[in-house]
Amino acid sequence: MGSASILRKLLLTALLLIVVALGSAAVFLTRYTAARELHHAEDMMEAQARILAPSLAAIEAASLAQWTGREGVESRARVTVIARDGTVLADSQHDPATMDNHAARPEVRQALAGATGAAVRHSATLDADLCYLAVPAELRGTPGVILRLAVPLQQIDIAVAAVRWLILRASLVAAGFALVIAFFASRAFSRRIQ
């Protein structure tokens with residue numbers, strides 16, 4: 001076996017190890033970024049829900065549609081108020097009369113149990129992927145309603161795409177350096193073997 005053949009095999013092995021290592025790092029960092037952005041979105045919505053809950057408790061049922069519309073614009077989130085039976089009372093981006101009953105939605109079920117509920121899923125109403133957060137709240141004259149906020153996952157997708165692009169550029173630079181080092185190490189090793 002010639003030194004060129006040994007060098008080629010060592011370089012291919014090094015290249016494979018580099019690709020596996022950088023690919024694993026890319027997958028891990030992409031998932032980490034998506035989870036971090038999702039957690040950040042949930043934290044922001046929970047803070048907004050805490051701010052909105054007292055003003056919701058002072059609103060009359062007749063003013064609910066105006067309130068959700070105004071608060072949706074100010075919070076930059078979809079704001080929905082849901083009755084305990086799952087009926088949508090008001091929504092900042094859609095007519096509640098045309099919306100399905102929300103009692104079975106996971107975040108609504110958690111809020112009905114007295115906890116903060118969160119979920120990620122596709123909204124058939126808006127035809128978009130959304131992150132939802134629901135909390136128990138009060139409406140004047142209607143105790144025990146659910147206040148739900150939702151934000152599109154587009155921002156999370158943008159952050160993940162930015163990280164992927166950064167990882168790709170860093171990986172190309174790292175792979176270049178690693179291949180140069182692997183080339184010289186493989187050449188020295190193959191000469192020793194030869």
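The chain is numbered in sequence order, starting from 1.
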Taking A115's backbone N and O only, do any of them form a donor-acceptor pair with Q110's side chain (distance below 3.5 Å, no angle check)? no
When rounded to the nearest 0.5 angstrom, what is the spacing between CG in L29 and OG1 in T33? 6.0 Å
Give, for atom CG of L147 and atom CZ of R50, the distance between the pair rounded to the nearest 0.5 Å. 12.0 Å
In this structure, are over 12 heavy atoms from other groups packed under 6.0 Å from H122 atom NE2? yes
Which atom of A119 lies closest to which atom of P106, heavy atoms considered: CB-CG, 4.0 Å
Is any side-chain heavy atom of I82 closer than 4.5 Å to a side-chain heavy atom of V145? no
Between T87 and A83 (side chain of the first, backbone of the second, donor and acceptor by atom type, cut-off under 3.5 Å), is there such a pair? no
At what distance, to the nearest 0.5 angstrom, does OG of S123 lie from CG of D129? 9.0 Å
Counting N and O atoms only, with roles assigned by atom type, does the side chain of S92 sit under 3.5 Å from a partner on the main chain of V79, one being a donor and the other an acceptor? yes
Could you please spell out the steps behind the side chain to side chain contact (heavy atoms under 4.5 Å, CB included) verdict for L130 and L153? CA-CA 5 Å; L130 299 175; L153 293 184; 5.8 Å; no
Flag yes if more than 12 heavy atoms outside M44 fall under 6.0 Å of its CE atom; otherwise flag no. no
Contact list for residues 68-87, test salt bridge (charged side-chain N to carboxylate O under 4.0 Å, His left out), sequence neighbours left out: R78-D91
For M45 and Y132 the tightest heavy-atom approach is CE-C, 4.1 Å
Note, V81 side chain near L56 side chain (heavy atom, < 4.5 Å): yes
Decide yes or no for D95 and M99: does some side-chain heavy atom of the first lie under 4.5 Å from some side-chain heavy atom of the second? no
Find out whether R105 and D100 are in side-chain contact, i.e. whether some heavy atom of one side chain is under 4.5 Å from a heavy atom of the other. yes
Measure the shortest side-chain to side-chain distance between C131 and L38 over non-hydrogen atoms and say whether it is less than 4.5 angstrom. yes
Side-chain contact test, heavy atoms from C-beta onward, threshold under 4.5 Å: evaluate it for I146 versus T80 and give yes or no. no
Rounded to the nearest 0.5 Å, what separation is found between the CH2 atom of W67 and the CG atom of L89? 11.5 Å
Would you say the side chain of V151 lies within less than 4.5 Å of the side chain of L133, judging by non-hydrogen atoms? no
Please list, chain by chain and in numerical order, all residues satisfying salt bridge (Lys or Arg N to Asp or Glu O under 4.0 Å) with R121, sequence neighbours excluded. E107
Between P136 and A111 the two heavy atoms that sit nearest each other are CG-O, 3.4 Å
Any donor-acceptor pair under 3.5 Å from R140 side chain to A58 backbone: yes
With heavy-atom distances below 4.5 Å as the criterion, would you say the side chains of V88 and N101 are in contact? no
